[in-house]
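Read the structure below first, then the notes.
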Amino acid sequence: DQQVKQNSPSLSVQEGRISILNCDYTNSMFDYFLWYKKYPAEGPTFLISISSIKDKNEDGRFTVFLNKSAKHLSLHIVPSQPGDSAVYFCAGRGSARQLTFGSGTQLTVLP
Amino acid sequence: DTEVTQTPKHLVMGMTNKKSLKCEQHMGHRAMYWYKQKAKKPPELMFVYSYEKLSINESVPSRFSPECPNSSLLNLHLHALQPEDSALYLCASSQLEAWTMGTEAFFGQGTRLTVV
């Protein structure tokens, strides 16, 4: 039973345009949702989070939207840069602050 | 200092060997975690330590034995592993107190384990 799903394994975007990464979840007990970026052979790096009681959080080029009724969240990156190319994981946070990750989306930003 | 340090970075071990993975953080975080990541898969939770006590074991086989000697250190002892245990093992830490503003877990670079 996948509690967090990322249905797009890959996404290609032109530099300067908007990247939109999507995530769905089934577990209503998550108190926060987090986005991590990961390069091969490295640990995940935190990007941005959103509380389950909010619907939007913005940090620079990154904005996360949460639609609680649809159990859906999305990460918007604007403008996209080639250095943003990486695997992006969505995660839900449990009561011990442990994370349940989605399967990831490989973002490629084309120059 | 927002680092989680894992050693070694790479480890090759035989199926009869005993080895240990080490993780260290000095951020004062009272929750520490072991995750396992196979190629092209997401990290999967193995163990959670809260205030140096094991609080979650995600039905991990006993050939993996975690240990938390103090609030800064987390070990994962390995014995009689199988080739399918080859993976990237990630350590993470986070704050636990409800009043803290930080929400994220910080991850180490991981140990790339190969069982031969």
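To find a chain, count down the sequence lines: A is the first, B the second, and so on, and within it residues start at 1. As the structure is a computational prediction, the values presented were derived from the model and not from experiment.
Distance alone, capped at 3.5 Å, is enough to place a donor-acceptor pair between the A:S52 side chain and the A:D31 backbone.
Side-chain rings of A:F62 and A:H76 stay apart, their centers remaining 6.0 Å or farther from each other.
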TODO: Would you sort out whether B:H29 and B:S93 count as a side-chain hydrogen bond (donor to acceptor under 3.5 Å, both in side chains), showing the intermediate values?
DONE: CA-CA 6 Å; B:H29 291 171; B:S93 71; 2.8 Å; yes
Open item on the list: Applying side-chain hydrogen bond (donor to acceptor under 3.5 Å, both in side chains) to A:S19 and A:S80, what does each step give before you reach the verdict?
Closed with: CA-CA 6 Å; A:S19 297; A:S80 302; 2.6 Å; yes
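Your options are B:P43, B:G108, B:A31, and the one with the most heavy-atom pairs under 4.5 Å with chain A is B:P43. Put simply, of A:G104, A:A91, A:A96, A:S51, the one with the most heavy-atom pairs under 4.5 Å next to chain B is A:A96.
Interface residue A:L34: only side-chain heavy atoms are found under 4.5 Å from chain B. Only the side chain of B:Q37 comes within less than 4.5 Å of a heavy atom in chain A; its backbone stays farther off.
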